[in-house]
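Read the structure below first, then the notes.
Values reported hereafter were calculated over all heavy atoms of this structure, with side chains retained and with hydrogens, waters and symmetry mates removed. Position 1 is the first residue of the sequence, and the numbers go up from there. On a predicted model such as this, the values are computed, not experimentally measured, just so you know.
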Amino acid sequence: MLGWALTFLVVALIAGLLGFTSIAGSAMGVAQILFYVFIALFLISAVMHLVRGRGVR
């Protein structure tokens with residue numbers, strides 16, 4: 001799950017970079033929304049990973 005969150009974070013950062021610099025002006029609003037959504041998902045996933053730990057094998 002943390003791997004997926006990192007993947008989506010990278011995609012959101014690229015989309016945010018394109019949106020914030022007005023290279024793709026029409027997609028700026030969507031990129032900003034995706035950026036914040038994926039930052040939130042990444043933080044939630046990182047916290048859950050820390051809370052759950054490795055577990056017993």
Side-chain angles (χ1 to χ4, degrees):
M1 177 112 178
L2 187 59
W4 280 105
L6 288 173
T7 302
F8 287 127
L9 175 65
V10 170
V11 171
L13 287 173
I14 292 170
L17 178 66
L18 292 175
F20 293 144
T21 58
S22 297
I23 293 173
S26 63
M28 187 165 57
V30 175
Q32 288 176 342
I33 292 170
L34 288 175
F35 179 78
Y36 294 119
V37 166
F38 290 127
I39 287 289
L41 289 175
F42 171 72
L43 291 175
I44 291 169
S45 180
V47 168
M48 292 303 294
H49 180 73
L50 290 173
V51 168
R52 292 179 75 198
R54 286 189 169 191
V56 178
R57 289 188 177 195

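- Looking at residues two or more places apart in sequence or on another chain, you find a side-chain contact (heavy atoms from CB on, under 4.5 Å) between V10 and I14.
- In the hydrophobic clustering of this structure, Y36 groups with L13; members are Ile, Leu, Val, Met, Phe, Trp, Tyr whose side-chain heavy atoms approach within less than 4.5 Å, directly or through other members.
- By the ring pair (Phe, Tyr, Trp, His ring centres under 6.0 Å) test, F38 is found to be paired with F8, residues two or more places apart in sequence or in another chain being considered.
- Applying the under-4.5 Å side-chain rule to Ile, Leu, Val, Met, Phe, Trp and Tyr, the cluster around M48 extends to I44.
- F42 and V11 fall into different hydrophobic clusters, where Ile, Leu, Val, Met, Phe, Trp and Tyr side chains are chained together by heavy-atom contacts under 4.5 Å.
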